[in-house]
Structures are given as structure tokens and as C-alpha cells.
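Here is the structure we will look at.
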Amino acid sequence: MAYMSVASPALVQSPRERSRSGRLRHLLSARDLTIDDVDDFCQAADDFESGLAPRQQLFGRTVALLFFQSSTRTRLGFESAAVALGAHCIGMEDMSASRTNASIGESLEDCAAVVSRLADAIVVRHHECAAAARMAATSVAPVINAGDGWNEHPSQALIDIHAMRRGLGTLRGKSIAFGGDPRGRVVRSLVQLLRFEAPREIVFCPPPHYPVPEDFESTLAEYQIRLRVVSDIDTALVECDAVMMAPYDMSAIGEPPASGYVSPHFTPKHFAVTAEKIQRLGSSAQLYHPLPRFDEIDPSCDMLPNAMYFEQVRLSKFMRMAVLERLLTAN
Ligand code: CP
């Protein structure tokens, strides 16, 4: 089987994400966030959930949703967050009908320069690494990276940290595992945010043909977080406090939407989580997943107390409200 090569997302440079006063202008990469940013976002999400923070803070504002790649959660999550804050959304159901398509070829830079004069923020998903950073370079409004190829998905990582802090109480001293393809953009952003949480160790259970990316190893080494690799998901279910699952093969993530490529989603038995396995092992590990899932978590797990992935989705709306509120009111 031929596997896709992965671009070098670690080399993607962000434009200045902060204003001169230190305020966050864009959300492009988890690398650019501080522990204070993460705490602020989590607190704001809590406040929106509990009703402490007023809604309608973005009344009359406009959020542009530019999704060049498919999405359910991120697209509808930002839309529902914007609506809850009193803003409305503009966008195109099919970005191939825009001028920034393969045949006309208007640049992402010009697209951002134009759309940011029609909207107060741009949320963009694209199959190219650095697409969001390119748009931020010419946008006069905040740009939110909703997933750029193999690079990053920072709002999802904020959601995941928020959900794990909630689920585990704290990540300090905990053992956090990643099951499945380690190359994905969610994993990259989440590894960046885990550097603040002082976990005891990060455990990867990757397919043998997709080793842990080198930039993850260097990030964890820099923050003196132990990295361990295991070859069977049972080990993670028994020894770890939380397991963040991902599809066994994320190859479709780097493909342009029109390529017709179908990712081989089949997950070998020793990598898949089932209710039978959890019960047989007596595992109390919390199961997280940014979704969509394929066969790496069997639906038989959904009713178990271990399953946190739909709660993760419920919390996502409040985190995306926090992201929109902060970026649109701070600039
Ligand atoms: N988790 C996530 O990014 O889901 P979508 O691809 O559906 O947006």
C-alpha cells in the first residue's frame, strides 16, 4: 500500500498572532498560546455554560465560515456558537463555487483580504498546511484555523483540554494516551497544549507504519514530559487515565476534496476499543475522540462511563463561543 507523504507542518510559520498590547489577534496555532490563554478560554467556556457570561455579546457581528474541506462539528459548532452570541454567519456551502477554486485560482491571500472586509472574523478549514496563516497575513479581521491539512486544529485542542480537565479534575500527574494515527492535526495541537498540563507521561499507541512525528518528541522533551510508545491499545486502557483516540489511518486529511481518495479506515483488532475489551480489562480510562470515528471505537462503548466523546462535543460549543468572543471583542 502506498502511504501519503506528510508535509513538514512543524515548519509552518505563523504571522504575528498578537497585537502590540499582547492581545490575541488570530487563532492559528496552539504553539502560540500561553497557559494564561488556555486558562482564560476554559474559564470563559465555563462561564458561557453556566450562564455567568452574557450572551448576545456579538450582536450584529458577522462570522465568515470558509470550509474548503468537509466538516460536521467544527462548521456547525462555530455556527451555533456565533448564533448563541448574537452574531450571524456567512459562507458558501461549496467553496469550489468560490473564485478561490482550482480553475479560477484566486489566492487565499486575496480571498482573506476580500472576505475580511465583509465579515468580522474568518473561520477557515483547508487541506493545505499554513492556509490559515496565509489568510491571516492579508486579513483585516481575526482568522481562526479550523484545521489546515496536517498542521493544526487549535480550537479542537482547546476543547479537548477543557473536556479532559473537566473529566479528570486535573491532568497534572496523569498518564494520557493517544491511540491511532499520530500524524493528525488535532494530535499536533493537543501535544502543544499538553505541555502546560504537567502530565506524568504521554503514551502513543500508533500503527507500526506511522511513527510518532519528530516534532512531538522534541516538544515533549523540551517540557520534560515522558514519552512512551506501546503496541497494543489494551496497555493504554489498563495503564492510562485517559485515551484520546484517532482513526487508525488519517491519510484522507491531506487530500484535496475532489481527489476521490478514500482512506483505509480498517482498524486491526488490537488497536480498536470495544465494550467487551473495556469490561474484560476492568479499564476505567476515560475515552476521548475529536470525531468522526470509524471502527476504532465500537458503538458498544457509547453507554459506558468511560465514553467522554459526546460530552466533548457538548462542551465544544462553549469553547467556540469563548474563542469567538475573545477574538472579536479584543481586536
Ligand atoms: N473534530 C472535527 O474537526 O470534526 P469535523 O471534521 O466534523 O469538523
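Both backbone and side-chain heavy atoms feed into the values below; hydrogens, waters and symmetry mates do not. Atoms within each ligand, like the ligands themselves, are counted from 1 in listed order.
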* **Trp150 to Met250 - nearest heavy-atom pair and separation** => CH2-O, 3.4 Å
* **Contact residues of ligand 1, where a non-hydrogen atom lies under 4.0 Å away** => Ser71, Thr72, Arg73, Thr74, Arg125, His153, Gln156, Pro290, Leu291
* To do: Answer yes or no: is there an ion pair linking Arg125 with Asp148, defined by an N-O contact shorter than 4.0 Å?
  => no
* **Pair Asp120 + Arg61: basic N to acidic O under 4.0 Å** => yes
* Structure fact -> One should read off an interatomic distance between Met164 CE and Lys174 NZ, to the nearest 0.5 angstrom, of 12.0 Å
* **Arg117 side chain vs Ala113 backbone, donor-acceptor pair below 3.5 Å** => yes
* Mind telling me whether His126 and Phe68 have parallel, tilted or perpendicular rings, with 30° and 60° as the class edges? => tilted
